[in-house]
Amino acid sequence: MEEAQVVETKDGTISVATAFPGHHEAVQHRDHKFLSKAVEEAYHGVDCGHGGPFGAVVVHNDEVVVSCHNMVLKNSDPTAHAEVTAIREACKKLGKIELADCEIYASCEPCPMCFGAIHLSRIKRLVYGAKAEAAIAIGFDDFIADALRGTAYYQKAHMEIIQADGKGAIIAEQVFENTKAKFQMY
(Lines give C-alpha, C1' and ligand atoms only; values in the text may rest on other atoms or scores of the structure.)
Protein backbone atom coordinates (compact mmCIF):
# COMPACT_ATOMS: atom_id res chain seq x y z
CA MET A 1 0.00 0.00 0.00
CA GLU A 2 1.28 3.44 -0.93
CA GLU A 3 1.89 6.06 1.72
CA ALA A 4 -0.40 9.10 1.69
CA GLN A 5 1.10 12.41 0.62
CA VAL A 6 0.66 15.31 3.02
CA VAL A 7 0.57 18.78 1.50
CA GLU A 8 0.56 21.99 3.52
CA THR A 9 -0.89 25.09 1.83
CA LYS A 10 0.07 28.74 2.29
CA ASP A 11 -2.80 29.34 4.72
CA GLY A 12 -1.63 26.50 6.97
CA THR A 13 -4.34 23.99 6.11
CA ILE A 14 -3.25 20.44 5.46
CA SER A 15 -4.51 18.10 2.76
CA VAL A 16 -3.85 14.38 2.65
CA ALA A 17 -3.77 12.67 -0.73
CA THR A 18 -5.39 9.27 -0.88
CA ALA A 19 -3.30 6.14 -0.68
CA PHE A 20 -5.13 4.02 -3.23
CA PRO A 21 -5.74 4.48 -6.97
CA GLY A 22 -9.22 5.45 -8.13
CA HIS A 23 -10.24 7.01 -4.81
CA HIS A 24 -10.88 10.47 -6.28
CA GLU A 25 -13.07 9.05 -9.05
CA ALA A 26 -15.06 6.93 -6.57
CA VAL A 27 -15.66 9.94 -4.31
CA GLN A 28 -16.63 12.07 -7.30
CA HIS A 29 -19.15 9.44 -8.47
CA ARG A 30 -20.62 9.13 -4.95
CA ASP A 31 -20.86 12.92 -4.59
CA HIS A 32 -22.58 13.18 -7.97
CA LYS A 33 -25.16 10.55 -6.97
CA PHE A 34 -26.16 12.34 -3.76
CA LEU A 35 -25.92 15.83 -5.26
CA SER A 36 -28.24 14.71 -8.07
CA LYS A 37 -30.79 13.74 -5.43
CA ALA A 38 -30.52 17.22 -3.87
CA VAL A 39 -31.08 18.78 -7.30
CA GLU A 40 -34.15 16.56 -7.83
CA GLU A 41 -35.51 17.91 -4.53
CA ALA A 42 -34.92 21.48 -5.74
CA TYR A 43 -37.06 20.82 -8.81
CA HIS A 44 -39.70 19.03 -6.73
CA GLY A 45 -39.99 21.94 -4.29
CA VAL A 46 -40.61 24.44 -7.07
CA ASP A 47 -43.07 22.12 -8.84
CA CYS A 48 -45.05 21.74 -5.58
CA GLY A 49 -44.99 25.48 -4.92
CA HIS A 50 -43.29 24.93 -1.57
CA GLY A 51 -40.43 27.40 -2.06
CA GLY A 52 -37.33 28.33 -3.97
CA PRO A 53 -35.22 26.00 -6.11
CA PHE A 54 -33.07 24.53 -3.35
CA GLY A 55 -32.65 20.92 -2.24
CA ALA A 56 -30.57 19.12 0.38
CA VAL A 57 -29.79 15.52 1.27
CA VAL A 58 -28.30 14.22 4.53
CA VAL A 59 -26.27 11.03 4.16
CA HIS A 60 -25.09 8.57 6.83
CA ASN A 61 -22.92 5.55 5.95
CA ASP A 62 -23.62 5.99 2.23
CA GLU A 63 -27.40 5.91 2.81
CA VAL A 64 -29.79 8.84 2.40
CA VAL A 65 -31.27 9.70 5.79
CA VAL A 66 -33.50 12.49 4.46
CA SER A 67 -34.04 14.33 1.21
CA CYS A 68 -35.68 17.76 1.55
CA HIS A 69 -36.41 20.94 -0.37
CA ASN A 70 -37.06 24.57 0.46
CA MET A 71 -40.36 24.90 2.38
CA VAL A 72 -40.38 28.68 2.96
CA LEU A 73 -43.65 29.35 1.11
CA LYS A 74 -45.50 26.22 2.22
CA ASN A 75 -44.67 26.76 5.90
CA SER A 76 -44.69 30.58 5.82
CA ASP A 77 -41.31 30.25 7.51
CA PRO A 78 -38.28 32.21 6.27
CA THR A 79 -36.00 29.71 8.03
CA ALA A 80 -37.38 26.65 6.23
CA HIS A 81 -34.50 26.51 3.77
CA ALA A 82 -33.67 23.08 2.30
CA GLU A 83 -30.54 22.60 4.43
CA VAL A 84 -32.24 23.63 7.69
CA THR A 85 -35.25 21.44 6.90
CA ALA A 86 -32.97 18.49 6.10
CA ILE A 87 -31.01 18.94 9.33
CA ARG A 88 -34.22 19.17 11.38
CA GLU A 89 -35.63 16.03 9.77
CA ALA A 90 -32.37 14.08 10.02
CA CYS A 91 -32.04 14.93 13.71
CA LYS A 92 -35.60 13.73 14.34
CA LYS A 93 -35.11 10.55 12.34
CA LEU A 94 -31.76 9.70 13.94
CA GLY A 95 -32.84 10.88 17.41
CA LYS A 96 -29.86 13.15 18.01
CA ILE A 97 -28.81 16.77 17.59
CA GLU A 98 -25.26 16.21 16.42
CA LEU A 99 -24.78 14.79 12.97
CA ALA A 100 -20.99 14.44 13.14
CA ASP A 101 -21.16 11.11 11.32
CA CYS A 102 -23.22 12.56 8.46
CA GLU A 103 -22.65 14.53 5.29
CA ILE A 104 -24.92 17.05 3.60
CA TYR A 105 -25.36 17.63 -0.11
CA ALA A 106 -26.91 20.95 -1.09
CA SER A 107 -28.00 21.97 -4.57
CA CYS A 108 -26.60 25.47 -3.97
CA GLU A 109 -23.92 27.11 -1.87
CA PRO A 110 -25.52 27.66 1.56
CA CYS A 111 -26.54 31.04 2.88
CA PRO A 112 -25.09 32.13 6.24
CA MET A 113 -28.10 30.77 8.17
CA CYS A 114 -27.83 27.36 6.52
CA PHE A 115 -24.09 27.28 6.93
CA GLY A 116 -24.60 28.09 10.60
CA ALA A 117 -27.09 25.24 10.96
CA ILE A 118 -24.70 22.87 9.19
CA HIS A 119 -21.86 23.98 11.42
CA LEU A 120 -23.94 23.72 14.62
CA SER A 121 -25.11 20.22 13.73
CA ARG A 122 -21.44 19.19 13.44
CA ILE A 123 -21.94 17.65 10.00
CA LYS A 124 -18.53 16.45 8.87
CA ARG A 125 -18.76 17.27 5.17
CA LEU A 126 -20.69 19.65 2.93
CA VAL A 127 -20.84 19.24 -0.85
CA TYR A 128 -22.74 21.89 -2.81
CA GLY A 129 -23.52 22.23 -6.50
CA ALA A 130 -24.32 25.72 -7.77
CA LYS A 131 -22.46 28.78 -6.59
CA ALA A 132 -24.51 31.49 -4.89
CA GLU A 133 -24.28 33.67 -8.00
CA ALA A 134 -26.70 31.32 -9.80
CA ALA A 135 -29.36 32.09 -7.17
CA ILE A 136 -28.48 35.78 -7.15
CA ALA A 137 -28.95 35.88 -10.94
CA ILE A 138 -32.65 35.03 -10.57
CA GLY A 139 -33.34 37.46 -7.73
CA PHE A 140 -32.17 35.94 -4.44
CA ASP A 141 -30.30 38.20 -1.99
CA ASP A 142 -26.66 38.79 -2.85
CA PHE A 143 -25.50 38.44 0.77
CA ILE A 144 -25.38 34.67 0.31
CA ALA A 145 -22.31 34.94 -1.91
CA ASP A 146 -20.20 35.80 1.15
CA ALA A 147 -21.37 32.79 3.19
CA LEU A 148 -18.38 30.62 2.38
CA ARG A 149 -15.94 33.23 1.17
CA GLY A 150 -13.64 35.76 2.68
CA THR A 151 -14.63 35.93 6.33
CA ALA A 152 -12.50 34.41 9.03
CA TYR A 153 -15.49 32.83 10.79
CA TYR A 154 -16.47 30.64 7.86
CA GLN A 155 -12.90 29.81 6.94
CA LYS A 156 -12.20 28.47 10.46
CA ALA A 157 -15.00 25.89 10.43
CA HIS A 158 -13.66 22.38 10.95
CA MET A 159 -15.48 20.95 7.98
CA GLU A 160 -14.52 19.94 4.47
CA ILE A 161 -16.28 22.29 2.05
CA ILE A 162 -16.03 21.67 -1.66
CA GLN A 163 -17.96 22.50 -4.78
CA ALA A 164 -18.85 19.41 -6.77
CA ASP A 165 -16.81 18.72 -9.89
CA GLY A 166 -18.08 18.44 -13.41
CA LYS A 167 -21.64 17.27 -13.98
CA GLY A 168 -22.76 17.85 -10.38
CA ALA A 169 -22.08 21.57 -10.54
CA ILE A 170 -23.58 21.86 -14.02
CA ILE A 171 -26.88 20.13 -13.19
CA ALA A 172 -27.15 22.12 -9.97
CA GLU A 173 -26.62 25.40 -11.86
CA GLN A 174 -29.26 24.39 -14.41
CA VAL A 175 -31.99 24.10 -11.78
CA PHE A 176 -32.06 27.90 -11.51
CA GLU A 177 -32.29 28.47 -15.23
CA ASN A 178 -34.87 25.70 -15.65
CA THR A 179 -37.15 26.92 -12.84
CA LYS A 180 -36.96 30.69 -13.16
CA ALA A 181 -40.23 30.85 -15.12
CA LYS A 182 -42.04 28.64 -12.58
CA PHE A 183 -40.61 30.27 -9.47
CA GLN A 184 -41.07 34.00 -9.19
CA MET A 185 -39.49 36.05 -6.43
CA TYR A 186 -42.32 37.99 -4.74
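In this text the structure is predicted, and so the values were computed from the model without any measurement. As a basis for the values below, the full set of heavy atoms in this structure was taken, side chains included, without hydrogen atoms, waters or symmetry mates.
Residues satisfying the side chain to side chain contact (heavy atoms under 4.5 Å, CB included) test with Ser67, not counting sequence neighbours, are Lys37, Glu41, Val57, Val64. Here Gln174 pairs with Tyr43, Ile170, Ile171, Asn178 under the side chain to side chain contact (heavy atoms under 4.5 Å, CB included) rule; sequence neighbours left out. Partners of Gln163 under the side chain to side chain contact (heavy atoms under 4.5 Å, CB included) rule, at least two apart in sequence or in another chain, are Tyr128, Lys131, Ala169, Glu173.
The heavy-atom pair separating Ala106 from Leu126 by the smallest distance is CB-CD1, 4.4 Å. Scanning both residues, Met113 and Pro78, for their nearest heavy atoms gives CE-O, 4.1 Å. The two atoms that bring Ala100 and Lys124 nearest to each other are O-CB, 3.4 Å, heavy atoms only.
Atoms SG and CD1, on Cys108 and Ile136 in that order, are 8.5 Å from each other to the nearest 0.5 Å. Atoms CD and OG, on Glu40 and Ser107 in that order, are 11.5 Å from each other to the nearest 0.5 Å. Note that CD of Glu25 is 15.0 Å distant from NE2 of His32, once rounded to the nearest 0.5 Å. The CZ atom of Arg122 lies 14.0 Å from the SG atom of Cys102; values are rounded to the nearest 0.5 Å. Note: Ile123 CD1 to Glu83 CD = 9.5 Å, rounded to the nearest 0.5 Å. Tyr105 contributes atom OH, which lies 9.0 Å from atom NZ of Lys33 (distance to the nearest 0.5 angstrom).
Among residue pairs with one or both ends in residues 94-107, those qualifying as salt bridge (charged side-chain N to carboxylate O under 4.0 Å, His left out) are Arg30-Glu103, Lys96-Asp101, Glu103-Arg125; sequence neighbours excluded.
Met71 is not connected to Ile104 by any chain of hydrophobic side-chain contacts under 4.5 Å among Ile, Leu, Val, Met, Phe, Trp and Tyr, and they are in different clusters.
Side-chain atoms of Ile118 and Pro110, non-hydrogen and from C-beta on, do get closer than 4.5 Å to each other.
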In a table with atom names and distances, give each donor-acceptor pair under 3.5 Å that connects a side chain of residues 86-94 to protein atoms at least two apart or in another chain.
residue	atom	partner	partner atom	Å
Arg88	NH2	Thr79	OG1	3.2
Lys93	NZ	Val65	O	3.0

Going by atom type alone, with no hydrogens or angles, which donor-acceptor pairs under 3.5 Å involve a side-chain atom of residues 47-55 and a protein atom two or more places apart or on another chain?
residue	atom	partner	partner atom	Å
Asp47	OD1	Lys182	NZ	3.0
His50	ND1	His69	NE2	2.7

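Using modelled atom types, one side-chain atom of Asn70 and one backbone atom of Val72 make a donor-acceptor pair closer than 3.5 Å.
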